Amino acid sequence: MDKLSYLSQISVFDELPREDLMELDKMAPMSTIKKNTIIQTPEKYREGMYFIKEGKLRLYKINTEGKQFTLGILGKGNVFGEIDSFSFGTKDVFIETIEDTLLCSLSKTHFEQFIEKHPKLALRFLRALSDRLRDRDAMLEKLAFGDIRTRILHLLIKLSEQFGIKDGDYYKIDLPLTHQELANMIGATRESVSVLLKDLVNEEIIRTGRKSIHLKMELAKEHLELSG
């Protein structure tokens with residue numbers, strides 16, 4: 001797929017005419033980053049805007065005890081980055097690829113020039129920012145106040161909403177997830193996550209396979225309300 005086709009699939013650009021996409025194409029180089037690459041740390045953040053064409057990224061923090069807490073997972077069509085006029089709240093976090101990822105980057109200067117010519121895009125970026133911050137705040141609240149069952153249910157529901165593929169009564173989460181990876185996402189031990197997943201299987205809230213999880217969404221939401 002050529003870069004113009006990729007750009008047209010980015011959610012904030014999907015209504016731009018082809019000539020505007022061609023202008024953006026000239027400004028925005030594209031690069032492929034391998035799976036499990038840390039592309040940003042809190043000490044060294046990426047200035048500019050970045051658009052995900054393919055793949056997935058994980059945004060997380062590490063507490064004083066060395067535990068990781070996932071703030072969000074971004075997939076195809078998502079945007080992240082930091083410039084003066086727009087901040088997606090990613091300056092103080094780690095960003096790591098969890099799949100081979102294709103990124104398109106736009107410098108601060110080019111981004112501001114493009115926004116000046118397309119003011120309606122500014123509103124779309126603001127909506128995307130609002131959605132991102134709302135999701136992050138919800139995740140932080142669950143991580144701060146929820147027990148491990150609450151944390152894992154909230155995470156699985158969010159992943160199903162973002163990356164779920166309907167499969168009968170369940171949603172298959174389109175991510176390869178090990179017990180250790182899930183533990184890293186919620187700041188728990190692999191052993192405690194394994195025990196809890198076994199309980200959720202027995203309760204028919206999830207089905208598991210090799211690096212795969214199917215979630216019964218409505219049942220999970222009911223149990224999350226009860227545990228909250």
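Numbers for residues simply follow the sequence, beginning at 1. Since this is a predicted model, take the numbers as computed values, not measurements.
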Between Glu181 and Thr178, do the side chains contain an N or O donor and an N or O acceptor separated by less than 3.5 Å? yes
Using a 3.5 Å distance criterion without hydrogens, assess whether the side chain of Thr101 forms a donor-acceptor pair with backbone atoms of Glu99. yes
Quick one, Ile33 and Ile39 - any side-chain contact, counting heavy atoms below 4.5 Å? yes
Side chain of Lys56, backbone of Arg58: donor and acceptor closer than 3.5 Å? no
Short side-chain to backbone donor-acceptor contact, Asn184 and Gln68, under 3.5 Å: no
Taking NZ, NE, NH1 and NH2 as the nitrogens, is one of them in Glu54 or Lys76 under 4.0 Å from a carboxylate oxygen of the other? yes
Leu177 and Lys211, any side-chain heavy atoms less than 4.5 Å apart: no
Ser105 versus Tyr50, closest heavy-atom pair with distance: CB-CE2, 3.4 Å
For the CD atom on Glu204, are there more than 12 heavy atoms of other groups (residues, nucleotides or ligands in this structure) within a distance under 6.0 Å? no
Side-chain heavy atoms nearer than 4.5 Å, only ILVMFWY residues, links allowed to pass through others: does that put Ile165 and Met217 together? no
Could you report the tightest heavy-atom contact between Thr97 and Lys34, atom names first, then the distance? OG1-O, 2.6 Å
How long is the straight-line distance from CG of Leu156 back to CG of Leu197, given to the nearest 0.5 Å? 7.0 Å
Do the side chain of Ser194 and the main chain of Arg190 share a donor and acceptor less than 3.5 angstrom apart? yes
Hey, does Met185 have a side-chain heavy atom less than 4.5 Å from the side chain of Arg151? no
Less than 4.0 angstrom from a charged side-chain N to a carboxylate O is my criterion; do Glu191 and Lys198 meet it? no
Nearest-0.5 Å distance, CD1 of residue Ile152 to CG of residue Leu200: 7.5 Å
Could you walk me through whether Ile205 and His223 pass the side-chain contact (heavy atoms from CB on, under 4.5 Å) test, one step at a time? CA-CA 9 Å; Ile205 296 173; His223 280 256; 3.6 Å; yes
Would you say Ile213 and Leu175 make side-chain contact, with heavy atoms under 4.5 Å? no
Closest non-hydrogen contact found for Lys35 with Asp100 is N-OD1, 2.8 Å
Hey, could you give me the CG/OG1 distance between Leu224 and Thr150, rounded to the nearest 0.5 Å? 6.0 Å
Lys166, NZ: over 12 other non-hydrogen atoms inside 6.0 angstrom: yes
Does Ile38 share a hydrophobic cluster with Phe69, counting links as ILVMFWY side-chain heavy atoms below 4.5 Å and allowing steps through other members? no
Verdict with reasoning, Glu96 to Gln40, per side-chain contact (heavy atoms from CB on, under 4.5 Å): CA-CA 7 Å; Glu96 181 179 11; Gln40 178 184 289; over 6 Å; no
Show the nearest heavy-atom pair for residues Ala220 and Leu215, with the distance to one decimal. CB-CD1, 3.7 Å
Apply salt bridge (charged side-chain N to carboxylate O under 4.0 Å, His left out) to residues Lys61 and Asp92 and explain how you reach the verdict. CA-CA 8 Å; Lys61 289 190 174 186; Asp92 59 346; 3.3 Å; yes
So CG of Leu153 and NZ of Lys158: to nearest 0.5 Å the spacing works out to 14.0 Å
Using the rule that Ile, Leu, Val, Met, Phe, Trp and Tyr join whenever any side-chain heavy atoms are under 4.5 Å apart, tell me whether Leu219 and Ile173 fall into a single cluster. yes
Kindly work out whether a path of hydrophobic side-chain contacts (I/L/V/M/F/W/Y, heavy atoms less than 4.5 Å apart) joins Phe163 to Ile157. yes
CZ of Phe51 to CZ of Phe80: how many Å apart, nearest 0.5 Å? 10.0 Å
Going hydrophobic residue to hydrophobic residue with side-chain gaps under 4.5 angstrom, can you get from Ile148 over to Leu159? yes
Quick check against the 3.5 Å criterion: does Asp167 have a side-chain atom that pairs as donor or acceptor with the backbone of Tyr170? no
Could you tell me whether the side chain of Leu57 reaches within less than 4.5 Å of the side chain of Ile52, counting heavy atoms only? yes
Kindly compute the distance separating OG (Ser160) from NZ (Lys216), expressed to the nearest 0.5 Å. 13.0 Å
Does any non-hydrogen side-chain atom of Leu59 lie less than 4.5 Å from one of Thr70? no
Could you check whether the rings of Phe94 and Tyr60 sit parallel, tilted or perpendicular, using 30° and 60° as the cut-offs? parallel
With no hydrogens and no angle check, is any side-chain donor or acceptor of Gln162 less than 3.5 Å from a backbone partner on Gly75? no
